[in-house]
Amino acid sequence: MFWSQLYVPTLRETPAEAEVVSHQLLLRAGYIRQLAAGIYSYLPLAQRSLLKIQQIIREEMEAIGGQEMLLPALNPAEIWKESGRWDVMGDNMFRLKDRFGRELCLGMTHEEVMTSLARGEVRSYKQLPQIWYQIQTKFRDEPRPKSGLLRVRQFLMKDSYSFDLLPAGLDVSYEKHRVAYNKIFERCGLKFIAVEAHSGAMGGSQSHEFMVESNAGEDLVVVCKSAGYGANLEKAVSRPVAPAAADDETARDPEEFSTPDQKTIAELVAFTGVAATGLIKSIVYVGDEKPYLCLLRGDHQLSETKFSSATGAVEVRPAHPAEIQDWFGAAPGSLGPVGVKNMPILADGALEGRHNLIAGANKDDFHLRNVTPGEDFTAVFHDLRQVAEGDTHIETGAPLKIVKTVEIGHIFKLGYKYSESMGLKVSDQDGKEVTVIMGSYGIGVERILCAAIELFHDENGMSMPASIAPFQVVITPANYLDAAVKAAGAQLYKECKALGLDVLLDDRDERPGVKFKDAELIGIPYRITIGKKLPNGIVEVVTRRGRISADVAVSEAAAHVAQLIRG
RNA sequence: CGGGGCGUGGCUCAGCCUGGUAGAGCGCCUGGUUCGGGUCCAGGAGGCCGGAGGUUCGAAUCCUCUCGCCCCGACCA
């Protein structure tokens, strides 16, 4: 490809609307343009890069026996009603009606269509297992699209679905995907981690997310290198930091004391002089319309996900102040477990075995000291708290780190959720009907591009991994009007092509500075500069990442680059 | 949906408070110049100031409504 014939509208200045680096650079480097909030056009550079990503995905999916299909993006309401997700998806689903008033939607994921397809086709256990996948546009009406291509309303997803007769088969399909995903992201040149994840509204038992560490990310992940542990914050478990002071373990009875206007933990700490670890935080949560009193150590936060798991409740919300007044006869800020009989009391494990703590008295402006779990109230202990900075690994005690990440892939063991609700069954060996067990596995294609940019950029622009860069190498003749330089450029271009390199020749009549800046902005990993050393038969091969330059004989330059790429 | 910010040539922005001939830099076009890190010189094109209504002799500027975009939060397979 010749640069003069390629549409690459680079910008000298960063567009004002872009905040995160990948968004700024995608716009500046002429990869994308915005059409509306969360809706983008992909220009030639982005498209080339995305096609390379998709090709890597295809190869690795084929390697585990995945079969590519293409399902409709336009879905009838019926199948979504069957699975129950027509209602569950709420406003996140784009909905429309056809001319006869029939309800349709744009697919935001394809469990329903895949299951519907499979139940019409698969009859026998002999046809299992199957892994079906597609790379297709998904539509989600995000409440707040943001960060360029990171959170959008229309995007490409590789989604695959496995169908197995038995749970052990699902384990195999799941493991195949886990391995394939590792290969895909490695081949895309990313630094990533696989972490345990919460299955959320997808249902199912086991789930891993593939995450790239980045400040532009929205997910918090807990990692411990030495223990080899990684989990989404929603799911992560830890050993809490020790209480600031040892408990007084003598047997004492709760004793009320006045705490005028002291409502928050911080205020109580200042007022009593007792560290937050010596306080009990009481939070009232409603799960499926039933109230629960949740107790945490003063310095801990409740995890809604864990509350949901502990209670089995699907719909979860904090209690309204009026409800709390009604149930406790006191306002939030003075609540506590002592004497509570009208709702279950759940306590976080960090309170187990503690003595003589401070808790609310269920009387405005009063608290109790000397409250001891198990003696002054009974609670069921669960892991309810969110992992906090400073916590350590639950087994090894090694330090945990909380990092911000971008989710690029997610694999789920779905179990029977969709096959059950939609009736996907096969005959087993004995001629008996058996419900098929499913898995579902997703990759955000554009997010790989974004993550690569977030990971690899500098003040001059992107520094794309060679495997997914729009071009592998750019030839930059410093002065294209110089006949010898121009001829060398043409020759090198031919040689690169012959070696199978994806090469771009910058044939524009621009100043060298402009060409260097542009090449670095769009992130081409290798550059061959033809300039003043040409009379000596020398050109420069420059590695974008680190701007490492090597003088190479013209005749060897193409091979040298091929070596760098393959090496 | 709550809070905040912003809409003025392709891009970045000034002008608005205090109403009176729409500006700059970059980019683009033409000619010349230069050629290893966004050359320099000269000339030129391009904007109903997001939209509608109102106040006024007169509105980019003041008022009302509306649309769009961005950020924080809520939400989130």
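The figures that follow rest on heavy atoms only: side chains count, while hydrogens, waters and symmetry mates do not. It should be emphasised that the depicted structure is a prediction, and the values quoted were computed from it without experimental measurement.
With A:Tyr480 as the aromatic partner, A:Arg508 does not meet the cation-pi criteria of under 6.0 angstrom to the ring centre and within 45 degrees of the ring axis. In this structure, A:Arg95 fails the cation-pi test against A:Trp80, since its NZ or CZ atom is not both closer than 6.0 Å to the six-membered ring centre and inside 45 degrees of the ring normal. Judged by a 6.0 Å distance limit and a 45° cone about the ring axis, A:Lys413 is positioned over the six-membered ring of A:Tyr174. A cation-pi arrangement is absent between A:Arg544 and A:Tyr526, since the terminal nitrogen or guanidinium carbon is not both under 6.0 Å from the aromatic centre and inside a 45° cone about the axis.
Taking atom P on both B:A14 and B:C28, the two are 24 Å apart, rounded to the nearest angstrom. Using C1' as the reference atom, B:C63 and B:U55 are 7 Å apart when rounded to the nearest Å. Spacing between B:A42 and B:G36 at atom C1', rounded to whole Å, works out to 27 Å. The same atom, C1', is picked in B:C71 and in B:G10; the two are 25 Å apart, to the nearest Å. For the C1' atoms, the distance from B:U56 to B:U64 is 16 Å, rounded to whole Å. A distance of about 40 Å separates the P atoms of B:U39 and B:G68, rounded to the whole Å. Comparing B:G51 with B:A22, their P atoms are spaced 16 Å from each other, to the whole Å. Nucleotides B:C17 and B:A60 place their C1' atoms 14 Å apart, quoted to the nearest Å.
Panel note: side chain A:Asn232, backbone A:Lys235; no donor-acceptor pair is recorded below 3.5 Å. Counting only distance, with no hydrogens or angles, the side chain of A:Lys281 and the backbone of A:Leu302 share no donor-acceptor pair below 3.5 Å.
Checked against a 6.0 Å centroid threshold, the rings of A:Tyr42 and A:Tyr31 do not count as neighbours. Outside the 6.0 Å centre-distance limit, the rings of A:Phe210 and A:His208 are not counted as a close aromatic pair. Annotation: A:Tyr292 is in aromatic contact with A:Phe307 [ring centroid separation under 6.0 Å].
To the nearest angstrom, P of B:C35 lies 18 Å from CG of A:Asp506. Rounded to whole Å, atom P of B:U12 lies 12 Å from atom CZ of A:Arg28. Nucleotide B:C11 holds its C1' atom 14 Å from the CD atom of A:Gln24, rounded to whole Å. The distance between atom CG of A:Asp509 and atom C1' of B:C35, rounded to the nearest whole Å, is 9 Å. B:G73 atom P lies 12 Å from atom CZ of A:Arg151, rounded to whole Å. In this structure, CG of A:Leu534 is placed 17 Å from P of B:C35, rounded to the nearest angstrom. Between the C1' atom of B:G38 and the CD atom of A:Glu520 lies a distance of 12 Å, rounded to the nearest Å. In this entry the distance linking CZ of A:Arg447 with P of B:C76 reads 15 Å, nearest Å.
The partner of B:G46 cannot be assigned: no Watson-Crick or G-U wobble pair with both contacts below 3.5 Å exists in any strand. Nucleotide B:G68 has B:C6 as its partner under the Watson-Crick or G-U criteria, with both atom distances under 3.5 Å. Judged by Watson-Crick or G-U wobble contacts below 3.5 Å, the nucleotide B:C75 has no partner. Base pairing of B:C62 is made with B:G54, judged by Watson-Crick or G-U wobble geometry with both donor-acceptor distances under 3.5 Å. B:G27 is unpaired under the Watson-Crick or G-U wobble criterion, no partner having all donor-acceptor distances under 3.5 Å.
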Quick test: give all pairs of protein nitrogen or oxygen and nucleotides 24-27 of chain B nitrogen or oxygen below 3.5 Å, distance rounded to 0.1 Å.
{"residue": "B:G25", "atom": "N2", "partner": "A:Glu13", "partner atom": "OE1", "Å": "3.2"}
{"residue": "B:G27", "atom": "OP1", "partner": "A:Arg12", "partner atom": "NH2", "Å": "3.2"}

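Using a 4.0 Å cutoff on non-hydrogen atoms, the parts of residues 32-48 of chain A near RNA chain B are A:Gln34, A:Ala36, A:Ala37, ordered by number. Shown for residues 470-488 of chain A: residues whose heavy atoms fall under 4.0 angstrom of RNA chain B, namely A:Ala478, A:Asn479, A:Leu481.
With a 6.0 Å radius and a threshold of 12 heavy atoms from other residues, nucleotides or ligands, A:Lys183 has its NZ atom at or below the threshold. Around NZ of A:Lys290, the count of heavy atoms belonging to other residues, nucleotides or ligands within 6.0 Å does not exceed 12. Sparse packing is recorded around CG of A:Asp91, with 12 or fewer heavy atoms of other residues, nucleotides or ligands lying under 6.0 Å away.
Counting non-hydrogen atoms under 4.0 angstrom, A:Phe155 reaches a base of the nucleic acid. Nucleic acid contact class of A:Ser147 (heavy atoms, under 4.0 Å, all strands): sugar-phosphate only. Among the protein residues, A:Arg317 comes within range of no part of the nucleic acid, since none of its heavy atoms lies under 4.0 Å from any strand. At a threshold of 4.0 angstrom between heavy atoms, the contacts of A:Asp518 include nucleobase atoms, whether or not backbone atoms are also involved. Within 4.0 Å (heavy atoms only), A:Met157 reaches at least one base atom of the nucleic acid. Contacts of A:Lys515 with the nucleic acid, taken as non-hydrogen atoms under 4.0 Å apart, are absent. Using a 4.0 Å heavy-atom criterion, one finds that A:Pro143 contacts the bases of the nucleic acid, with or without backbone contacts as well.
Below 30°, between 30° and 60°, or above 60°: for A:His177 and A:Tyr441 the angle between ring planes is below 30°, a parallel geometry.
Salt-bridge formation is detected for the pair A:Arg85/A:Glu112: a Lys NZ or Arg NE/NH1/NH2 atom is positioned less than 4.0 Å from an Asp or Glu carboxylate oxygen.
In the set B:C76, B:C72, B:G37, B:G37 carries the atom at the smallest distance from any side-chain atom of A:Phe516. Comparing atom distances between the A:Arg144 side chain and each of B:C35, B:C71, B:G37 picks out B:C71 as nearest.
Side-chain atoms of A:Arg547 stay outside donor-acceptor range of the base of B:G36, with no qualifying N/O pair under 3.5 Å. For A:Arg508 against B:G38, no side-chain N or O and base N or O form a donor-acceptor pair under 3.5 Å. Under 3.5 Å, the side chain of A:Glu540 and the base of B:G36 form at least one donor-acceptor pair of N or O atoms.
Both A:Glu142 and A:Glu19 sit near RNA chain B, but only A:Glu19 has its closest nucleotide nearer the 5' end. When the nearest nucleotides of RNA chain B are assigned to A:Gly513 and A:Asn92 by heavy-atom distance, the more 5′-ward of the two goes with A:Gly513.
Between A:Leu50 and A:Glu446, the closest side-chain pair of non-hydrogen atoms falls below 4.5 Å.
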